[in-house]
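The residues of the chain are indexed from 1 along the displayed sequence. Just so you know, ligand 1 is whichever comes first in the structure, and atom 1 is the first atom listed for that ligand. Just so you know, these numbers use all the heavy atoms, side chains as well, and skip hydrogens, waters and symmetry mates. None of the values given here were measured: they were computed from a predicted structure.
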Amino acid sequence: MERTLVLIKPDAVQRGLIGQIISRFEQRGLKLVAMKFIQMDEALAARHYAVHQGKPFYPGLIAFITSGPVVAMVWEGKNAVATVRATMGVTRPWDATPGTIRGDFGLTMGRNLVHGSDSVENAAIEVALFFDDGEFVNWQRETERWIDDGE
Ligand code: IDP
Ligand code: MG
């Protein structure tokens, strides 16, 4: 079963959109297995956005992601990585399809509300960056057979 990291970024927290954003992933059928409300420090931000180091927007990105609290979550399900990315919408909110999080709530790239891992490989790395083994909740969802066809 795939797992992926989602961050509700500081802009979405400040705008009071935590509940609506979590609802999108819940409604999609993904299963929440870990969650915490944290303020990221520079070190964590630098590790999380290491691939963007050296790019012109990097300093602004680090300043933004550490500017206020974020909600960090791990969502589980078949094709969880791709499903989260599709639910979020593309990076540039002006290109994001209405009905996606960025397409419904976003206007600019530097305030695009959510982060989601972009590959299964990166998801494993990012999940481990934010969560220790003991922070996952192993629970049985009673609606599972109405969501996952078992194929
Ligand atoms: P993603 O969040 O959709 O995966 P990435 O390309 O991984 O997009 O970029 C990480 C984050 O950096 C974006 O979500 C966005 O907030 C910011 N970002 C990316 N490119 C730019 C840019 O050209 N200008 C400003 N911010 C950018
Ligand atoms: Mg990315």
Side-chain angles (χ1 to χ4, degrees), residues 1-137 141 147-148:
M1 196 62 77
E2 264 179 43
R3 286 182 170 182
T4 190
L5 180 82
V6 172
L7 300 177
I8 301 178
K9 294 181 178 180
D11 52 336
V13 173
Q14 294 289 347
R15 291 172 60 191
L17 296 172
I18 293 172
Q20 291 193 63
I21 290 171
I22 291 175
S23 286
R24 301 286 177 110
F25 298 116
E26 276 188 307
Q27 288 170 339
R28 196 72 204 252
L30 294 161
K31 181 182 172 188
L32 186 64
V33 294
M35 176 162 72
K36 56 181 155 187
F37 187 52
I38 57 167
Q39 174 112 21
M40 289 172 64
D41 60 21
E42 293 256 344
L44 179 58
R47 291 183 72 189
H48 175 65
Y49 281 129
V51 298
H52 297 299
Q53 219 153 5
K55 295 180 185 172
F57 61 84
Y58 178 80
L61 181 59
I62 297 299
F64 165 64
I65 204 70
T66 59
S67 68
V70 303
V71 179
M73 301 171 286
V74 180
W75 290 90
E76 184 182 271
K78 295 236 174 87
N79 304 307
V81 171
T83 302
V84 161
R85 294 286 291 190
T87 303
M88 284 165 49
V90 297
T91 310
R92 303 163 163 207
W94 59 91
D95 286 333
T97 310
T100 64
I101 294 164
R102 287 165 169 173
D104 286 349
F105 301 117
L107 198 61
T108 63
M109 238 194 303
R111 302 286 185 271
N112 63 3
L113 303 134
V114 277
H115 168 85
S117 308
D118 65 4
S119 67
V120 173
E121 187 189 17
N122 284 337
I125 294 167
E126 293 179 358
V127 164
L129 206 51
F130 283 81
F131 293 93
D132 296 327
D133 288 347
E135 293 180 294
F136 294 95
V137 178
R141 189 168 56 176
I147 295 166
D148 186 329

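The pair E2-K78 does not count as a salt bridge, with every side-chain nitrogen at least 4.0 angstrom from each carboxylate oxygen. Taking the charged nitrogens against the carboxylate oxygens, R102 and D95 have no contact shorter than 4.0 Å, which rules out a salt bridge.
Contact annotation: for K9 versus ligand 1, heavy atoms closer than 4.0 Å belong to the side chain alone. Contact annotation for R92 and ligand 1: no heavy atom of the residue comes within less than 4.0 Å of the ligand.
Between V137 and V33, every side-chain heavy-atom pair lies at or beyond the 4.5 Å cut-off.
Among all protein heavy atoms, the one lying closest to atom 2 (O) of ligand 1 is R102 NH2, 3.1 Å. Nearest non-hydrogen protein atom to atom 4 (O) of ligand 1 is R85 NH1, 2.7 Å. Among all non-hydrogen protein atoms, the one lying nearest atom 13 (C) of ligand 1 is N112 ND2, 3.6 Å. Counting only heavy atoms of the protein, atom 3 (O) of ligand 1 lies nearest to T91 OG1, 2.5 Å. Taking atom 7 (O) of ligand 1 as the reference point, the nearest protein heavy-atom neighbour is H52 NE2, 3.0 Å. Among all protein heavy atoms, the one lying closest to atom 24 (N) of ligand 1 is F57 CB, 3.7 Å. Among all protein heavy atoms, the one lying closest to atom 11 (C) of ligand 1 is L61 CD1, 3.9 Å.
On a distance-only criterion, Y49 and ligand 1 share no N/O pair closer than 3.5 Å. Of the N or O atoms in H115, none lie within a sub-3.5 Å distance of an N or O in ligand 1. An N or O contact shorter than 3.5 Å links M109 to ligand 1 by distance.
At a cut-off of 3.5 Å, with distance as the only test, a side-chain donor of T87 or R28 sits close to an acceptor on the other residue.
For the pair R3 and F131, the cation does not sit on the ring face, since its NZ or CZ is not both under 6.0 Å from the ring centre and inside 45° of the axis.
Atom CG of L7 sits about 12.5 Å away from atom CG of L113, to the nearest 0.5 Å.
The aromatic rings of Y49 and H115 sit perpendicular to each other, their planes meeting at more than 60°, with 30° as the lower class boundary.
Just one residue in the list L5, V127, I22 forms a side chain to side chain contact (heavy atoms under 4.5 Å, CB included) with W75, and that residue is I22.
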